[in-house]
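Only one structure is covered here, and it is reproduced in the block below.
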Amino acid sequence: MTAALYNTEILRLTTAIPHDHRLVDPMASVEKRSPICGSRVTVDVNLDEQDRVTEIGVLVRACALGQASAALLSAHIVGRSVSELAVVRDTLTAWLAAGQGEAPDWPGLDVLSPALSYTARHPSIRLAFEAAAEAAASAADRDR
């Protein structure tokens with residue numbers, strides 16, 4: 001392991017994934033898989049009538065960076081709107097692609113800054129945010 005990439009905070013997050021379970025009857029579920037490394041994340045969501053996340057369940061089978069990203073997502077997703085999730089997904093993707101700059105406006109994402117130059121790790125980092133945004137949009141569409 002590269003010390004600069006797998007720092008103490010990233011490793012701590014891998015053991016502290018909130019909502020680390022599947023929901024029994026979610027409004028929507030999405031699984032995403034990284035073709036590069038095989039990491040997988042499944043996100044289940046329930047929304048309220050304002051299309052804000054009320055419950056989340058996650059199943060993470062990913063590398064340390066994917067686990068850390070999923071931990072950050074699930075720790076701060078409840079109460080977020082469908083549009084907020086789409087914005088953070090897109091800004092995370094842009095930040096990783098740029099390989100520099102300030103982390104997206106989501107608590108803790110700056111801990112993933114050491115991975116900016118490791119492009120092969122970017123898909124795993126994006127998985128949870130992509131799955132959550134897609135699941136939330138699907139749940140909102142289902143309610144209409």
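Positions are given from 1, in the same order as the sequence printed here.
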In this structure, OG1 of Thr119 is separated from CG of Leu96 (nearest 0.5 Å) by 10.0 Å
Residue pairs passing the side-chain hydrogen bond (donor to acceptor under 3.5 Å, both in side chains) test with at least one member in residues 53-73, sequence neighbours excluded, are Asn46-Glu55
Please tabulate, for side-chain N and O atoms in residues 103-113, each donor-acceptor pair with protein atoms closer than 3.5 Å (sequence neighbours left out).
residue	atom	partner	partner atom	Å
Trp106	NE1	Leu72	O	3.0
Ser113	OG	Asp110	O	2.8

Flag, side chain of His122 to backbone of Leu116, donor-acceptor distance under 3.5 Å: yes
Here the salt bridge (charged side-chain N to carboxylate O under 4.0 Å, His left out) pairs for residues 6-19, sequence neighbours left out, are Glu9-Arg12
Distance col, row Tyr6:OH vs Cys63:SG, nearest 0.5 angstrom, shows 5.0 Å
Residues pairing under salt bridge (charged side-chain N to carboxylate O under 4.0 Å, His left out) where one sits in residues 118-131, two or more places apart or in two chains, turn out to be Arg126-Glu130
- [ ] Answer yes if Leu5 and Ile10 sit in the same cluster of Ile, Leu, Val, Met, Phe, Trp and Tyr residues linked by side chain heavy atoms under 4.5 Å apart, and no otherwise.
- [x] yes
Checking Asp51, Val53, Val87 against Val82 for side-chain contact (heavy atoms from CB on, under 4.5 Å), the one that qualifies is Asp51
What donor-acceptor contacts under 3.5 angstrom involve side-chain atoms of residues 26-36, with partners at least two apart or in another chain?
residue	atom	partner	partner atom	Å
Ser29	OG	Asp44	OD1	2.5
Glu31	OE1	Thr42	OG1	3.3
Lys32	NZ	Glu134	OE1	2.7
Ser34	OG	Ile36	N	3.3

side-chain contact (heavy atoms from CB on, under 4.5 Å) test vs Phe129 passes for just one of Ile77, Leu73, Leu85, namely Leu73
So salt bridge (charged side-chain N to carboxylate O under 4.0 Å, His left out) across residues 72-97, not counting sequence neighbours, yields Arg52-Glu84
